[in-house]
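Residues take their numbers from the sequence shown, with the count starting at 1.
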Amino acid sequence: TISEIEVLITSQSQDEGDKILSDLKNYYTAKYTSPIMDKGFFVFNCFDRKKKNFILTLTDNGGNSNSVIEMLIYREK
């Protein structure tokens with residue numbers, strides 16, 4: 001059983017990274033619930049089809065000229 005998945009999306013353009021982050025946020029907001037903001041992370045409380053809870057977080061760890069979007073999916077223990 002996988003307990004944690006991390007995905008990094010990198011872009012050389014901050015504008016492109018902002019668009020990707022916005023698209024991901026909108027997709028997961030429509031699929032699950034509106035996120036809460038916690039220390040720069042968008043945090044979604046989600047349920048799988050078996051009604052088991054998992055957490056999905058999104059953030060951009062890039063700088064002024066690039067973008068590094070981190071998506072982390074995990075189950076709380």
Qualifying residues under salt bridge (charged side-chain N to carboxylate O under 4.0 Å, His left out), relative to Lys19, sequence neighbours excluded
Asp23
NZ-SG distance between Lys52 and Cys46, expressed to the nearest 0.5 angstrom
15.5 Å
Nearest 0.5 Å, please: how far is OG in Ser11 from CD1 in Ile69?
7.5 Å
Listing, residues 25-33 side-chain donor-acceptor contacts under 3.5 Å, not counting sequence neighbours, or none:
residue : atom : partner : partner atom : Å
Asn26   : ND2  : Ser22   : O            : 3.3
Thr29   : OG1  : Lys25   : O            : 2.7

Residues joined to Ile55 in its hydrophobic cluster, side chain to side chain under 4.5 Å directly or through other members, sorted by chain and number, are Ile36, Phe41, Val43, Leu72, Tyr74
Check whether any side-chain heavy atom of Val7 sits under 4.5 Å from a side-chain heavy atom of Ile5, and report yes or no.
yes
Quick check for you: to the nearest 0.5 Å, what is the distance between Ser67 atom OG and Leu21 atom CG?
7.0 Å
How long is the straight-line distance from CG of Leu58 back to CG of Leu56, given to the nearest 0.5 Å?
5.5 Å
Of all the heavy-atom pairs spanning Ser13 and Glu16, show the shortest one and how long it is.
OG-N, 3.2 Å
Donor-acceptor under 3.5 Å (Asn53 side chain, Phe47 main chain)
no
Hey, are Gln12 and Asn66 close enough side-chain-wise for a donor-acceptor pair under 3.5 Å?
no
Picking from Thr59, Thr57, Asn61, what satisfies side-chain hydrogen bond (donor to acceptor under 3.5 Å, both in side chains) with Glu70?
Asn61
Do Met37 and Leu24 sit in one hydrophobic cluster, given that two such residues count as connected whenever their side-chain heavy atoms are within less than 4.5 Å of each other, even indirectly?
yes
